[in-house]
Amino acid sequence: MNKFKNYLYCIIFSMIFSQLAYAQADREVMVPLPSIFDFTDGEGWGFGLGLGIEYESAYEGSDEFEVEPDLAGGIQYRTGNNMFFFAGEAIGWRGLRNDTWLLQATLAFEEGREENDSDDGRLDGLGDTEESTELVFEVRKALDADWRYWFDGRLLAGDEGNFLLLGGGMRFGSQNDGSGSELGVGITFHDEDYANREFGITTEQAAASGLAATELDGGFRSIGINYNYRHYLSENWQIFAEAVYEHYGSSEIKDSPITRNDYEAEVGLGFIYVF
């Protein structure tokens with residue numbers, strides 16, 4: 001894996017140095033945020049394909065970290081201020097209204113947790129959690145025409161529970177083409193089904209694992225911060241980076257035997273080729 005990661009970094013930095021003289025013309029993106037991919041340049045079909053490397057917590061509450069490669073990019077179709085997209089394990093729609101409201105609805109597939117996610121055997125006896133299908137609704141409201149500052153809300157509703165995020169952010173740089181960087185902060189809540197899916201332990205799991213049976217209530221979950229960066233290396237190549245930190249504020253989560261760290265963290269780096 002280290003050889004693969006080093007190879008990826010060599011490719012990325014080679015592209016950077018070979019494209020120093022490139023000046024990106026303004027792209028016609030729906031909103032000028034690095035976290036919102038737009039491969040269409042204003043209208044019609046857009047295709048992007050790339051690869052990223054993530055260094056992240058092995059599972060929710062873990063003190064183990066892992067390196068994982070992930071495909072990046074997607075297929076998009078844009079008509080006016082509406083976009084339909086397919087990316088990885090999600091399909092959805094987003095639309096811009098009155099230039100300052102961004103609405104999004106997504107149907108996503110979420111992988112479950114597996115016992116072997118812990119190399120140290122800390123999940124032994126807990127079994128695998130089921131995969132789930134989730135509906136995600138998101139609203140972002142810009143506080144100015146350039147999307148320098150915004151508020152956002154995200155509701156996730158699934159067969160394994162519900163999750164709510166409320167937050168806001170700010171965008172850096174003078175670009176309006178979707179490149180640059182942004183910083184967001186948020187506070188999250190979950191219901192008891194969502195909480196117990198990740199941190200609860202049933203009596204059967206307790207008997208098999210030797211861990212104490214644990215049942216959580218819904219309510220406040222965490223506070224977090226995230227950073228996104230995107231840069232156009234050429235007309236077709238993009239490089240992106242992201243970092244996420246979530247600190248569990250719920251005492252119930254911290255007291256769960258599954259929780260080895262009171263935070264979850266992730267950093268990622270990758271590139272995308274836009275066709």
Side-chain angles (χ1 to χ4, degrees), residues 4-56 67-79 81-96 102 104 106 108 138 140 142 146-148 150 152 169-184 225-244 266-275:
F4 177 81
K5 183 171 64 174
N6 291 336
Y7 179 64
L8 174 65
Y9 291 162
C10 288
I11 292 176
I12 292 173
F13 288 122
S14 295
M15 291 189 298
I16 292 174
F17 290 120
S18 67
Q19 298 290 341
L20 286 178
Y22 175 75
Q24 172 67 36
D26 284 344
R27 296 173 59 89
E28 190 177 340
V29 294
M30 185 172 288
V31 291
L33 297 178
S35 59
I36 304 295
F37 292 17
D38 190 342
F39 308 132
T40 64
D41 198 13
E43 195 73 22
W45 290 96
F47 303 90
L49 181 62
L51 187 66
I53 287 288
E54 295 179 347
Y55 180 70
E56 60 186 355
V67 176
E68 183 177 358
D70 280 316
L71 289 176
I75 302 172
Q76 302 172 341
Y77 179 77
R78 181 175 168 187
T79 173
N81 285 329
N82 294 281
M83 178 187 292
F84 302 90
F85 61 89
F86 173 75
E89 298 175 332
I91 184 170
W93 161 88
R94 70 172 58 107
L96 182 65
L102 182 66
Q104 181 167 307
T106 308
E138 183 172 358
R140 293 197 191 192
D146 291 332
W147 285 83
R148 288 290 175 191
W150 71 90
D152 67 340
M170 62 182 300
R171 180 173 66 90
F172 303 96
S174 59
Q175 306 95 318
N176 287 302
D177 56 7
S179 64
S181 61
E182 66 182 68
L183 186 69
I225 184 170
N226 66 280
Y227 173 81
N228 285 280
Y229 172 82
R230 184 174 304 278
H231 178 67
Y232 295 105
L233 300 172
S234 70
E235 183 178 356
N236 300 103
W237 286 103
Q238 300 180 8
I239 183 174
F240 67 90
E242 60 181 350
V244 180
E266 173 186 329
V267 293
L269 176 68
F271 62 88
I272 295 175
Y273 183 86
V274 181
F275 294 87

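Everything quoted here is computed from the prediction, not taken from an experiment.
In this structure E43 satisfies the side chain to side chain contact (heavy atoms under 4.5 Å, CB included) test together with T79, sequence neighbours excluded. Looking at residues two or more places apart in sequence or on another chain, you find a side-chain hydrogen bond (donor to acceptor under 3.5 Å, both in side chains) between N82 and W93, R97. A search for ring pair (Phe, Tyr, Trp, His ring centres under 6.0 Å) contacts involving F86 returns nothing, not counting sequence neighbours. A87 is linked by a side chain to side chain contact (heavy atoms under 4.5 Å, CB included) to nothing, counting only residues two or more places apart in sequence or in another chain. Evaluation of the salt bridge (charged side-chain N to carboxylate O under 4.0 Å, His left out) rule for R94 yields no partner, not counting sequence neighbours. Every side chain to side chain contact (heavy atoms under 4.5 Å, CB included) that L49 has, sequence neighbours left out, goes to F275. Qualifying side chain to side chain contact (heavy atoms under 4.5 Å, CB included) partners for S179, counting only residues two or more places apart in sequence or in other chains: Q175, D177, Y232. For E138, the salt bridge (charged side-chain N to carboxylate O under 4.0 Å, His left out) test picks out R140, R154, with sequence neighbours left out. Partners of Y77 by ring pair (Phe, Tyr, Trp, His ring centres under 6.0 Å), not counting sequence neighbours, listed by chain and number: W45. E182 pairs by the side-chain hydrogen bond (donor to acceptor under 3.5 Å, both in side chains) definition with S35, not counting sequence neighbours.
For the pair L33 and R171, the tightest heavy-atom approach, listed with the atom from each and the gap, is CD2-CD, 3.8 Å. Among all heavy-atom pairs drawn from G74 and F39, the shortest one is N-CE1, 3.7 Å.
Of the residues listed (V67, L269, V267), the one engaging I53 in a side-chain contact (heavy atoms from CB on, under 4.5 Å) is V67, and it is the only one. Among I36, T40, L96, the single residue meeting the side-chain contact (heavy atoms from CB on, under 4.5 Å) criterion with M83 is T40.
Rounding to the nearest 0.5 angstrom, the gap separating the CG atom in N176 from the CG atom in D146 is 5.5 Å. To the nearest 0.5 Å, atoms CZ (F240) and OH (Y229) are separated by 12.5 Å.
Relative ring orientation between W237 and Y273 is described as perpendicular, the plane-to-plane angle rising above 60° on a 0-90° scale split at 30° and 60°.
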Apply the test side chain to side chain contact (heavy atoms under 4.5 Å, CB included) to residues L51 and D70: give CA-CA distance (whole Å), side-chain angles for both, the deciding distance (0.1 Å), then the verdict.
CA-CA 6 Å; L51 187 66; D70 280 316; 6.0 Å; no
Side chain to side chain contact (heavy atoms under 4.5 Å, CB included) assessment of I272 paired with R230:
CA-CA 10 Å; I272 295 175; R230 184 174 304 278; 4.1 Å; yes
Yes or no on side chain to side chain contact (heavy atoms under 4.5 Å, CB included) for N226 and E242, after CA distance, side-chain angles and deciding distance?
CA-CA 7 Å; N226 66 280; E242 60 181 350; over 6 Å; no
Give the intermediate values and the outcome of side chain to side chain contact (heavy atoms under 4.5 Å, CB included) for residues W150 and V31.
CA-CA 12 Å; W150 71 90; V31 291; over 6 Å; no
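Side-chain N or O atoms of N228 include none that pairs as donor or acceptor with a backbone N or O of P34 at under 3.5 Å. Within the 3.5 Å criterion, the main-chain N or O of G46 finds no donor-acceptor partner in the side chain of Q76.
N236 and S234 are not linked by any side-chain donor-acceptor pair at a separation below 3.5 angstrom, with hydrogens and angles left out of the test.
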